[in-house]
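Contents: one structure, followed by commentary.
The model shown is predicted, which means the values in this text are computed figures rather than measured ones. Below, read A as the first sequence line, B as the second, and so on, with proteins coming before strands; counting in each chain starts at 1.
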There are 2 protein chains.
Amino acid sequence: MLGIQTVEPRSFRPQAPRISTSPAASNSLDERLSHATVRKLESKEHVFCEGDPRLHVFRVEEGVIAIYKTLCDGRRRIIDFAYPGDLIGLGALDEHILSAQATCTSKVRCLSAATLESLAESDANLALKLYKSVCQELAATRSLLVTVGQRSAVERVASFLLALHRRSGEADDHTVTLAMRRSDIADLLGLTIETVSRTLTKLRTMGVIGVEQGGTTVTLCDVVRLTDLANE
Amino acid sequence: MLGIQTVEPRSFRPQAPRISTSPAASNSLDERLSHATVRKLESKEHVFCEGDPRLHVFRVEEGVIAIYKTLCDGRRRIIDFAYPGDLIGLGALDEHILSAQATCTSKVRCLSAATLESLAESDANLALKLYKSVCQELAATRSLLVTVGQRSAVERVASFLLALHRRSGEADDHTVTLAMRRSDIADLLGLTIETVSRTLTKLRTMGVIGVEQGGTTVTLCDVVRLTDLANE
DNA sequence: CGAATGATTGACCCCCTTCAAAAGCGGTGG
DNA sequence: CCACCGCTTTTGAAGGGGGTCAATCATTCG
């Protein structure tokens, strides 16, 4: 998932409840996941909604899933974007308290939440992994809180782009794909669509970034300057 | 700790990494805590700082501890206030990534972090408790994210006061004590001291609250109206 | 092509920040 | 007891950044 970092090291951290799926993790989990059924989602389709019984945990296989909460006045607050490899739907309650919606065509793998918990009950190692992962997750959410709480529009957008770039892993490739709408970015950063758009064009006219392909592809022309603008 | 809720049920949830210290929790933890040494803190004194080795986990016994992160430009972002009964200093890393500072004279109990982890390694039940607690914690931080991300000053301050009131537990007593400075509240809510002060006087002139004792005691005259203003 | 959805740009305005000053409050010492 | 000082809070005035409303443009799809 996408972490907007404000602390060093400037690396990514998971953003939503998830656990590592590396070989170091309990094999039982990976094995279960590899046998799990795959569900395909169209853009804007929901994986789950607030209030739904929390029957499954999902691992994103393809696409981008927005994790969000709906406010009482109908506004939407995106907490995080989940990318392939991320686990979503973990939690302490038997209901989902957030919604998860595909921002583009996506695929997820489904695992029974009850199964995962029963595994953890007899496997202290797995339970501890879950605990530590959520601690990391918490740290990342706090970072987003810092970013959203007191930073300007330019700082937020710059941080977001840098986070996306680092997320991609390809240090040489200075392009990032915005696999979500402007409204999704706005709801993540606590801005309006117009401000996001204006800020992107501002960065473009400054020569820091380039915007192509109808606004879905962004080239980071001057990463150093962008980092400076992010003020991290 | 203090959770600003934006979802129903409008109840409190823990805000910083902590676990329940109720009898239902592993006895080993409670026992350890009851034998732990107590440390007294003056106002503004630190429990720990960002970058410090994470040697201990603390339980707040008296007072209020602000959990915060320092930004690169020197600003401070308070993530949470920890109250008596709350555990602070939990985490996945061997360094603290946040600072903890007393907002007033306080007392904390110290427990070795290594001890807690070694207990959890052999006790799946304890580890699972840790996991679930941090999940709750995560949910609460996300709620604060929602509040801070897209709400007006009145909404934020109203939410904060209501959260404080619920935190106190005494439903009959309509007074809350602000055991922290305006600057602390401002840094939690992502506002300036002036705006916090102005908003409080605005609420006062509206007859929704009363401010006494040099601004440290607030009376909630009209909880219904305040809830309405909080827009939760 | 025309309708629908999303992105961009412009104009205006309001809420909050910033800068500045005054007023409370508590402590210390003459 | 009061003067003085430091810290915090309150209040005022001015300015700006982002929100809101609205129009235009771009892209996709039936």
Tell me if a side-chain donor or acceptor on A:T37 pairs with a main-chain N or O of A:C110 at a distance below 3.5 Å. no
Closer than 3.5 angstrom, by distance alone: can the side chain of B:R109 be matched with the main-chain N or O of B:A36 as a donor-acceptor pair? yes
By nearest atom, which of the nucleotides D:dT11, D:dG18, D:dC21 is closest to the A:E194 side chain? D:dC21
Between [atom2] on [N] and [atom1] on [X], what's the gap in Å once rounded to a whole number?
{"X": "A:R181", "N": "D:dT28", "atom1": "CZ", "atom2": "C1'", "result": "13 Å"}
{"X": "B:D184", "N": "D:dT8", "atom1": "CG", "atom2": "C1'", "result": "11 Å"}
{"X": "A:L189", "N": "D:dG19", "atom1": "CG", "atom2": "P", "result": "11 Å"}
{"X": "B:I209", "N": "D:dT10", "atom1": "CD1", "atom2": "P", "result": "10 Å"}
{"X": "A:E212", "N": "D:dT27", "atom1": "CD", "atom2": "P", "result": "13 Å"}
{"X": "A:D187", "N": "D:dG19", "atom1": "CG", "atom2": "C1'", "result": "14 Å"}
{"X": "A:R156", "N": "D:dG18", "atom1": "CZ", "atom2": "C1'", "result": "9 Å"}
{"X": "B:R182", "N": "D:dC7", "atom1": "CZ", "atom2": "C1'", "result": "14 Å"}

Donor-acceptor pair (no angle test) under 3.5 Å: A:R198 side chain, D:dG17 base: no
Looking only at side-chain N and O atoms, does B:T201 come under 4.0 Å of OP1 or OP2 in D:dT11? yes
Determine: side-chain N/O of B:S197 to OP1/OP2 of D:dT9, distance under 4.0 Å, yes or no. no
For B:E42, is there an ion pair with B:K44 - N to carboxylate O distance below 4.0 angstrom? no
Are B:R76 and B:Q101 close enough that some pair of their side-chain heavy atoms sits under 4.5 Å apart? yes
Could you tell me from which nucleotide to which nucleotide of DNA chain C, 5' to 3', there is an atom under 4.0 Å from chain A heavy atoms? C:dG6 to C:dA11
Verify the distance criterion only: is there a donor paired with an acceptor across the side chains of A:R181 and A:S43 at less than 3.5 Å? yes
Considering every strand and a 4.0 Å limit on heavy-atom distances, what is the contact class for A:K202: base, sugar-phosphate, or nothing? nothing
Considering every strand and a 4.0 Å limit on heavy-atom distances, what is the contact class for B:L191: base, sugar-phosphate, or nothing? sugar-phosphate
Suppose we screen for ring-ring contact (aromatic ring centres under 6.0 Å, His included). Which residues come up paired with B:F48, at least two apart in sequence or across chains? B:F58, B:H96
Can you tell me which residue among A:R151, A:R156, A:E155 is in a side chain to side chain contact (heavy atoms under 4.5 Å, CB included) with A:L189? A:R156
